[in-house]
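Just follow the structure's listing: the first ligand is 1, and inside any ligand the first atom is 1. The residues of the chain are indexed from 1 along the displayed sequence. Model, not experiment: these values are computed from the prediction.
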Amino acid sequence: MSLFTKIETPSVTYDQPTGLFIDGKWVKGVEGKTFETINPTNEKPIVSVHEAGPEDVDLAVKAARKAFNGVWAQTLPSVRGQLLSKLADLFDEYSDTLAAIESLDNGKALSMAKVDVQLSSGCLRYYGGWADKIHGKTIDTDPETFNYTRHEPVGVCGQIIPWNFPLLMWSWKIGPAIATGNTVVLKTAEQTPLSALYAATLIEKAGIPAGVVNIISGFGKTAGAAIASHMDIDKVAFTGSTVVGRTILQAAAKSNLKKVTLELGGKSPNIVFNDANIEDAISWVNFGIFFNHGQCCCAGSRIYVQSGVYDKFIEAFKQRTAKNVVGDPFKQDTFQGPQVSKLQFDRIMQYIQSGKEAGATVEHGGDRHGDEGFFIQPTIFSNVSPDMKIMQEEIFGPVCTISKFETEEEVIKAGNETTYGLAAAVHTQNLNTALRVANSLKAGTVWVNNYNMISYQVPFGGFKESGIGRELGKYALANYTQVKSVRVRLGGALF
Ligand code: ADP
């Protein structure tokens, strides 16, 4: 099997790399295995890619270690910044291809995939800007000592990313890691390997030295687990489910106590008060849950509406949702494409079934859309109670619940009644209410009168079981640097 395959999408035709990108070369896996990636729009295979196993992870780690100790250690911080900036420019130059691959492999609407590519290049450029602005402090203790800190790179970083934003997660992980002087072994999700491999060709084009970034395709239980337990990986950064996050933390503890950052699941409350601008709130609530087909860790899946506007809200929200165009991701007006895989489709349909069986009312949707591809109707449940599975568990699909509330105190308590704490939102025109509620919600991000606004300058991450550490912004740099204190004695006797 060749390591490049010509692929035709409805918008572009391009050469898809299918190998593993290790030490700046395209190679086959040691065990010679491949696996198919499926087009979720028509359920047909797109192409087979080479599969990494533990031995390939090992080769990638060796390459990353060599680069970390060698070429990358000798590369000036300002040059690291220029390389990232060049990579960002290449993302812009090849944005049509990158977006098309994302829509083909993941199923997301092309218009949204284009935004993902823009946000990815923005993120890479942003971290390129940080590369030569990373420095420690001097700290005064007494006249005879000079103390300073250095913010040194952690080393070889294993990065495991999910399938819901393949390119964006690639950039969120690689940007801060290499800006700070680390090297990387990144494993994509088995459902969506293609855009990351194409982006690896841009790593080559940008002139980033061999071994600095290694990209492998493979499964969680084999390649992913090999990263989490590898004795020569200094840090692992993971985005995915809370269940797997726990496994990674355990593997890190059992192996070499590598540093771990986790960005995990959510069951985020989205709260609408009587005094909200209802029309605006409905647009944000709709976007909050149905954007990316509900496949967002921060999806606003628990909607709370105050009693004074509850009836009006439900009617208008249903009408708004009915306008979401579900269908072929390559069609211009499509808002919602298919779910990423058969497994996800089945999981979500089971949740819908469980909501129906528990006695919740289906206000909209509640079924699959069409009869080909993994499409699901945007689904709204009312008459729900906190003990229902659909109120407690992350569904990761286009399914939300609406609950009525009376008081601010009551909704804060309900909003916080979850083991997750990734995001939340409040819609009100009263500044005091907005700030009181924002301060009381236990979540890493609280949106006021909007939802899903994410910028690479602003940190993102979870309270409680939604994660450890923060991505994006200056905060992310702390995940990829370790502080060394240097203490210099200038004079004076020991006692
Ligand atoms: P989902 O259930 O939505 O597919 P996962 O958390 O299972 O989300 O997957 C996210 C990423 O974690 C993927 O790249 C997947 O291959 C990887 N992964 C899954 N299981 C493991 C594991 N046991 N160890 C390491 N990585 C894993």
Distance filter under 4.0 Å to Gln344 heavy atoms, resulting ligand 1 atoms:
3 (O)

for atom 17 (C) of ligand 1, nearest protein heavy atom and its distance come out as Ile160 CG2, 3.6 Å

Residue Gly240 vicinity, atoms of ligand 1 by number, heavy atom under 4.0 Å
6 (O)

For the residue pair Phe287 and Tyr451, is the inter-centroid distance of their aromatic rings smaller than 6.0 Å?
no

Could you tell me whether Lys221 and ligand 1 have an N or O pair separated by under 3.5 Å?
no

Applying a 4.0 Å heavy-atom criterion (strictly less than), which segment of Ile161 is in contact with ligand 1: side chain, backbone, both, or neither?
backbone

Please state which protein non-hydrogen atom is closest to atom 15 (C) of ligand 1 and give its distance, to 0.1 Å?
Glu190 OE1, 3.5 Å

On the six-membered ring of Tyr351, is Lys389 placed so that its NZ or CZ lies under 6.0 angstrom from the centre and within 45° of the ring axis?
yes

Got a salt bridge between Asp234 and Lys259, using NZ or NE/NH1/NH2 to carboxylate O under 4.0 Å?
no

List ligand 1 atoms under 4.0 Å from Gly224, heavy atoms only on the residue side.
24 (N), 25 (C), 26 (N)

What residue and atom, counting heavy atoms only, is the protein's closest point to atom 2 (O) of ligand 1, and at what distance?
Arg347 NH1, 3.4 Å

Check residues 88-102 and write down every donor-acceptor pair under 3.5 Å in which the side-chain atom is one partner and the other belongs to a residue at least two apart or another chain.
{"residue": "Asp89", "atom": "OD1", "partner": "Arg125", "partner atom": "NH2", "Å": "3.0"}
{"residue": "Asp92", "atom": "OD1", "partner": "Ser121", "partner atom": "OG", "Å": "2.7"}
{"residue": "Asp92", "atom": "OD2", "partner": "Arg125", "partner atom": "NH2", "Å": "2.8"}
{"residue": "Ser95", "atom": "OG", "partner": "Asp92", "partner atom": "O", "Å": "3.1"}
{"residue": "Glu102", "atom": "OE1", "partner": "Ser195", "partner atom": "OG", "Å": "2.6"}
{"residue": "Glu102", "atom": "OE2", "partner": "Leu167", "partner atom": "N", "Å": "2.8"}

Heavy atom under 4.0 Å from ligand 1: found in Thr188's side chain, backbone, both, or neither?
backbone

Centroid-centroid under 6.0 Å between Tyr420 and Phe463 rings:
no

Specify whether Phe290 and Phe317 have parallel, tilted or perpendicular ring planes, treating 30° as the upper limit for parallel and 60° as the lower limit for perpendicular.
parallel

Protein residue, atom and distance nearest to atom 7 (O) of ligand 1, heavy-atom basis:
Val244 CG2, 3.6 Å

Does the separation of the ring centres of Trp172 and Tyr126 fall below 6.0 angstrom?
no

Any protein heavy atom < 4.0 Å from atom 26 (N) of ligand 1
yes

Which atoms of ligand 1 sit under 4.0 Å from any heavy atom of Gln191?
4 (O)

What's the shortest heavy-atom distance between Gln339 and Ile376, and which atoms?
CG-CD1, 3.8 Å

Regarding Lys235 and the six-membered ring of Tyr480, is the cationic atom NZ or CZ under 6.0 Å from the ring centre and inside 45° of its axis?
yes

So does Lys62 pair up with Asp23, basic N to acidic O under 4.0 Å?
no

Which atoms of ligand 1 are found less than 4.0 Å from any heavy atom of Trp163?
1 (P), 3 (O), 4 (O)

Structural part of Gln250 in contact with ligand 1, heavy atom criterion under 4.0 angstrom:
neither

Of all the non-hydrogen atoms in the protein, which one sits nearest to atom 22 (C) of ligand 1, and at what distance?
Gly220 O, 3.4 Å

Mode of Ser241 contact toward ligand 1 - side chain, backbone, both, neither (heavy atoms, under 4.0 Å):
both

Ile22 to Ala63 - nearest heavy-atom pair and separation
CG2-CB, 4.4 Å

Should you measure from each heavy atom of Ala225, which atoms of ligand 1 turn up under 4.0 Å away?
24 (N), 25 (C)

Could you see which bit of Phe238 sits under 4.0 Å from ligand 1, with heavy atoms only: side chain, backbone, both or neither?
side chain

